[in-house]
Amino acid sequence: MIAQAPGLVTRHPVLFDPDPRRVITKLFVPGEEIPETRSRTSAVLQRTLALPESSVDALLDGVLADFAVRHRDFTAILERNAAIMSNRIADPDGLSRNRRLLIGAVFTHEYAVEAAALCNPSLVPHPSQDVLAAGEVRVVLSLRGIGEGHLSSIGFATGVLGPGPSARWEPRIGPLVTAERQPDSWDGSWFRAALAHDGCDEITFTVLSSLPESFDQADLDHALASLHPRLLQRPRAPGTVRRIRELAAASYTVRFPDGTDLPQRILWPTSAAESHGMEDARFVQVVDPDGTASYRATYTACDGTGIAPHVLESSDLTSFRALPLTGPAARNKGMALFPRLVGGRHLALCRGDGETTSLSISPDGRNWAEGVTLHGPTAPWELLQVGNCGSPLETSQGWLVLTHGVGPMRTYAIGAVLLDLTDPTRILAALPEPLLVPEASERDGYVPNVVYSCGGMLHDGTLWLPYGSSDTRVAMATVQLDALLARMGSSHPG
């Protein structure tokens, strides 16, 4: 293994291991789970409806005793799923409440969101900084949970860093809650730019010209229904209409119920574009020119056949807007947003070619131009590829960018480069060796030989670096910023 930079890093004990007790509920449609393709709903309903009322009551009592304490508003979940699956029942309102709840339970199952692994952490300041001692900062740690079928979701932990190298973390106590999708609405300028990314045809132009600048699902349905039949006869018409609907469905807003704590919240795939997971969320607290702070996170949406970079936008980590990113730079994993405008422009690190770190600009933070190459795989520990490990961190000497490199035997290590504050296309310095490499105890896991982060944080002269250990558990390392910058300064790239 390649040695890491001597004397810079202090490893702390493992923060979090994957916990199979962290479960959510999901709608279960028997027969439609892979690899089966034929719904068995009708037969299941017939058997459930044939049960005598006494059996219904006894069976439901057992379900409630076993599961009600594990989920928030459990009976409301059962009522909702029963309503979804009752289309085959002639008179669903004529059923007893217990039978409706039992039908809901038949079509519900638990899913352990991190039964397989816990990884890809990023660290940001908490929205609330009340009741803290001197030298303390409250933080939010985002976590990628991986469950059965390699489905990924986004969870959170909270804690307090400082003073000094001390940290305390709140227990991740359930029950877990997924966010509820809000009524859809879209911004016309973003929708237009996103469709232009694919190339506009006459159907696209006609639909966009008939939509108001801010529109909802009813407006979109009306615009599509009003298309002239001759336009719909064109060979590309079905694909264009499908793309318009897919883009709208992939852009959504979700909100968590009031009274839930961050460690209870799970961002679960909501659109078809992310049906196989939300991966590698890189959260950053963004400060606008007027001083307003909010949160954004790029993540990889997986639909089972392809991937696409998306972004989450939130003012308070309670309500989230999800959007596909567009433009030439938005075509691979691992985009990381700068925490503020630079020269009046949105900037992001990207890796459009799959192996080289580039810098992209955007007028709105959503549509990204072709990237300018910054850093390629040159060192022995990054022969396969390089990329970022989260958003750039602003220091007095430049933008500190944590990097990852992939070397022989697909071993991941974490490094660092320093970019000019006003012209981030200029690399000022680079760490001559990795900052962090997998130790013997970190090499085994869901993906062996990996240390990887989706974003660190600076506090009181210390770099706090959460990292996934072989994509299985999450640990923390600290580095004194002055010592790191001094070491990087000894290796100016020239």
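None of these values were measured; they are calculated from a predicted model. We're numbering straight along the sequence, starting at 1.
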Quick one, Leu436 with Arg11, criterion side-chain contact (heavy atoms from CB on, under 4.5 Å). Give me CA distance, side-chain angles, the key distance, then yes/no.
CA-CA 10 Å; Leu436 201 69; Arg11 279 176 163 86; 3.4 Å; yes

Could you walk me through whether Phe107 and Thr41 satisfy the side-chain contact (heavy atoms from CB on, under 4.5 Å) test, starting with their C-alpha distance in whole Å, then the side-chain angles of each, then the deciding distance to 0.1 Å, before giving a yes or no?
CA-CA 9 Å; Phe107 294 105; Thr41 299; 3.8 Å; yes

Please test Ile266 against Val177 for side-chain contact (heavy atoms from CB on, under 4.5 Å), starting from the C-alpha separation and ending with a verdict.
CA-CA 6 Å; Ile266 298 294; Val177 178; over 6 Å; no

Go through it in stages, so that I can follow the logic: the residues are Glu170 and Arg138, the test is salt bridge (Lys or Arg N to Asp or Glu O under 4.0 Å), and I'd like the CA-CA distance, side-chain angles, deciding distance and then a yes or no.
CA-CA 11 Å; Glu170 300 295 329; Arg138 184 171 291 109; over 6 Å; no

For Arg234 and Thr240, what are the C-alpha separation, side-chain angles and deciding distance, and is it a side-chain contact (heavy atoms from CB on, under 4.5 Å)?
CA-CA 10 Å; Arg234 298 171 66 84; Thr240 299; over 6 Å; no

Side chain to side chain donor-acceptor pair (under 3.5 Å) for Ser122 and Ser142? Distances and angles first, verdict last.
CA-CA 5 Å; Ser122 66; Ser142 72; 2.5 Å; yes

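In terms of modelled atom types and a separation under 3.5 Å, the side chain of Asp201 and the main chain of Thr204 share a donor-acceptor contact. A donor-acceptor pair under 3.5 Å links the side-chain atoms of Thr472 to the main chain of Tyr446, judged by distance alone. In this structure a side-chain-to-backbone donor-acceptor pair under 3.5 Å is missing from Ser360 to Ala329. The backbone N or O of His109 sits nowhere less than 3.5 Å from a side-chain atom of Thr25 that would complete a donor-acceptor pair. One N or O on the side chain of Ser209 and one on the backbone of Thr206 form a donor-acceptor pair closer than 3.5 Å. A donor-acceptor pair under 3.5 Å is absent between the side-chain atoms of Arg144 and the main chain of Ser153, judged by distance alone. Of the possible donor and acceptor atoms, none in the side chain of Arg265 sits under 3.5 Å from a partner among the backbone N and O of Leu176. In this structure, Asn388 contributes its side chain and Gly334 its backbone to a donor-acceptor pair below 3.5 Å. Under a 3.5 Å cut-off, the side chain of Thr178 and the backbone N or O of Trp268 do not form any donor-acceptor pair. Remark: the backbone N or O of Gln264 is not paired with any side-chain donor or acceptor of Arg172 at under 3.5 angstrom.
Within 6.0 Å of atom CD in Glu53, more than 12 heavy atoms from other residues, nucleotides or ligands are found, so the atom counts as buried in its surroundings. Residue Asp364 qualifies as enclosed at atom CG: its count of foreign heavy atoms under 6.0 Å is above 12. When the shell of 6.0 Å around CZ of Arg410 is examined, it contains 12 or fewer heavy atoms from other residues, nucleotides or ligands. Counting heavy-atom neighbours within 6.0 Å of Arg21 CZ, excluding the residue itself, gives a total of 12 or less. Counting non-hydrogen atoms of neighbouring residues, nucleotides and ligands closer than 6.0 angstrom, the CZ atom of Arg245 exceeds 12 such neighbours. Surrounding NE2 of His222 are at most 12 heavy atoms belonging to other residues, nucleotides or ligands under 6.0 Å away.
With a 4.5 Å cut-off on side-chain heavy atoms, Thr260 and Arg72 count as touching. Looking only at side-chain heavy atoms (C-beta outward), Met335 and Asn332 stay at 4.5 Å or farther from each other. Within the 4.5 Å cutoff, the side chain of Asp221 has no heavy atoms near those of the Asp219 side chain. At least one side-chain heavy atom of Val44 sits less than 4.5 Å from a side-chain heavy atom of Val106. Contact annotation: the side chain of Thr270 approaches that of Glu274 to within less than 4.5 Å [non-hydrogen atoms, C-beta and beyond]. Between Ile103 and Ile89, some side-chain heavy-atom pair lies under the 4.5 Å cut-off.
The distance from the CG atom of Leu211 to the CG atom of Asp216 is 9.5 Å, given to the nearest 0.5 Å. Note that CH2 of Trp464 and CG of Leu141 are 12.0 Å apart. Values are rounded to the nearest 0.5 Å. Atom CG in Leu195 sits 9.5 Å away from atom CZ in Arg192 (nearest 0.5 Å). Distance check: Asp57 CG to Leu101 CG gives 10.5 Å after rounding to the nearest 0.5 Å. If you take CD on Glu442 and CZ on Arg473, they are separated by 8.5 Å, rounding to the nearest 0.5 Å. Rounded to the nearest 0.5 angstrom, Leu384 CG and Thr411 OG1 are separated by 9.5 Å.
For the side-chain hydrogen bond (donor to acceptor under 3.5 Å, both in side chains) condition, the pairs that include at least one residue of residues 81-91, sequence neighbours left out, are Asn81-Thr108.
When all heavy atoms of Pro20 and Ala112 are compared, the pair lying nearest together is O-CB, 3.6 Å. The minimum heavy-atom distance between Ser251 and Trp190, with the atom names listed, is CB-CH2, 3.6 Å. Annotation for Arg243 and Ala194: closest pair NH2-O, 4.4 Å, computed over non-hydrogen atoms. Pairing each heavy atom of Met278 with each of Pro269, the nearest pair is SD-N, 3.6 Å. The two residues Ser271 and Ala249 make their nearest non-hydrogen contact at CB-O, 3.4 Å. In terms of heavy atoms, Pro235 sits closest to Pro238 at O-CD, 3.5 Å.
Classification of the Trp186-Phe191 ring pair by plane angle, with boundaries at 30° and 60°, yields tilted. In this pair, His71 and Phe67 present their aromatic rings parallel. The plane angle is below 30°, not in the 30 to 60° band. Ring-plane geometry between Phe283 and Phe320 is classed as perpendicular, the angle between the planes exceeding 60 degrees on a 0 to 90 degree scale with a lower cut at 30.
Listed by chain and number, the residues in a side-chain hydrogen bond (donor to acceptor under 3.5 Å, both in side chains) with Tyr452 are Arg282 (sequence neighbours excluded).
For the residue pair Asn449 / Arg443, a side-chain donor-acceptor distance below 3.5 Å is found, with atom types taken as modelled. A donor atom on one side chain and an acceptor atom on the other are found under 3.5 Å apart for Asp187 and Ser189.
Classification of Arg22 and Glu114 as a salt-bridged pair holds, one side-chain N sitting under 4.0 Å from a carboxylate O. Using a 4.0 Å cut-off between a side-chain N of Lys or Arg and a carboxylate O of Asp or Glu, Glu79 and Arg97 qualify as a salt bridge. Under 4.0 Å is where a charged nitrogen must lie from a carboxylate oxygen, and between Glu202 and Arg236 no such pair does.
Each of Arg321, Arg366, Arg296 was evaluated against Glu313; a single residue qualifies, Arg366, per the side-chain hydrogen bond (donor to acceptor under 3.5 Å, both in side chains) test. For the side chain to side chain contact (heavy atoms under 4.5 Å, CB included) with Phe338, the lone residue among Leu349, Val284, Val401 that qualifies is Leu349. Here the options are Leu341, Asn367, Val286, the test is side chain to side chain contact (heavy atoms under 4.5 Å, CB included), and the partner is His346; only Leu341 passes.
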Could you tabulate the donor-acceptor pairs under 3.5 Å formed by side-chain atoms of residues 304-312, not counting sequence neighbours?
residue, atom, partner, partner atom, Å
Thr305, OG1, Asp303, OD1, 3.1

